[in-house]
Amino acid sequence: MTAQPFDRAANPPRRPVLVLSALTCAALTLAATSCARGEDEAAGSAQSSGDPSAQAQVLDDAAGSEETCTVGQYGGEEFDLADTTVGFSQSEAESNPFRITETASIEAEAEERGVELLTANAQSDFAQQISDVQGLISQGAELLVIAPLNSDGWEPVLAEAQREQIPIITIDRQINGDPCRDYVTFIGSDFVEQGRRAADQMIEALGGEGKVAILLGTAGNNVTTERTQGFTERIAAEAPGIEIVFEQTGEFTREGGQSVTEQLIQSEPDIDGIYAENDEMGIGAVTALRGAGREPGEVAIVTVDGTREAVQNIVDGWIHAVIESNPRFGPLAFDAAQAFGSGQEVAVELVIADREYDESNAESELSNAY
Ligand code: AHR
């Protein structure tokens, strides 16, 4: 699927960018709510999502695929989101700021639009997530927003949702299936690009030479695969002097990142760089390096997410750069749902925009981090 850059000239600010057919704010009863509301008003619902303007900003900065889906093609009747019960399934515990901000963004947007929201958290247990979603359906969810733990294994839920004509929007990780048959739209980052941007930062930090370790995310999802692909391909293409000498999963957790880095320091004491596929693992790596008596900057660490603690670690000299993975999916998910319900074409893939932090902006941009 080709993502189209958002055309600002054709789409003035506050217009929902996810709908590719020619529509105006006025044409969308509920999307118009977000079109019309000012940054200040929108900010009120985004307090728990980091920078107050960040929640509203995502609508302007997203890009949509050329391929689209309508409620008619998906199978089902038009609906009004205001009268629809939405079920939200979170995959991982809300201890990671990425998850806290993601859930807060969905909840804030539901509240802003007066939409009834049912929620469940699977605490990183995939069987639990399947039963969570089935539970949401039996509690009356008429539309599902799913942050999937794994990309495969969703058949029982997809079949049930299809039978009941319940539209599914997936956020942050992909469900493997057919767009506009198994799900309406996937909203997430360009994860391959995140890996490339992390590689560029690593190449710059090491001057193109050195030994690098990768702290991989959890297996079984597209985020880990694509962040690894983008990083390794860019290093191979642009920096033959950089050798990737170690790859092990830290399971996207702080504890995992710390214990894997402790092993790394034993097996590769002269390691020059660590690419951690999320901030939590990167912060765990900092703890391990500190514990081993290393100094800030001795090992170049590049991470992905944009949590405030990771960006503070740039200011403190421990982390070289952070590529943002923006978890503020609420505005895009609810605009997509509203547009879809009112019969509009919705892009089957929506790419949220990500910032980047390094020593040039970490201090001044700290408030944008979550
Ligand atoms: O799927 C997104 C990733 O999952 C985030 O980078 C990470 O922090 C989370 O565990």
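Ligands are counted one by one from 1 in listed order, and the atoms in each one are counted from 1 as well.
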For E251, the salt bridge (Lys or Arg N to Asp or Glu O under 4.0 Å) test, sequence neighbours excluded, returns none
Check whether the ring centres of F340 and Y74 lie less than 6.0 Å apart, and answer yes or no. yes
Applying side-chain hydrogen bond (donor to acceptor under 3.5 Å, both in side chains) to T307 and not counting sequence neighbours gives D279
In short, disulfide bond (SG atoms under 2.5 Å apart) pairs touching residues 69-128 with sequence neighbours left out are C69-C180
Between A147 and D172, the two heavy atoms sitting closest are CB-OD2, 3.7 Å
For ligand 1, protein residues within the heavy-atom limit of under 4.0 Å are E92, N96, F98, R99, D172, R173, V223, R227, F252, N278, D305
_Quick one: does any side-chain atom of D305 pair with a main-chain N or O of N278 as donor and acceptor, under 3.5 Å?_
no
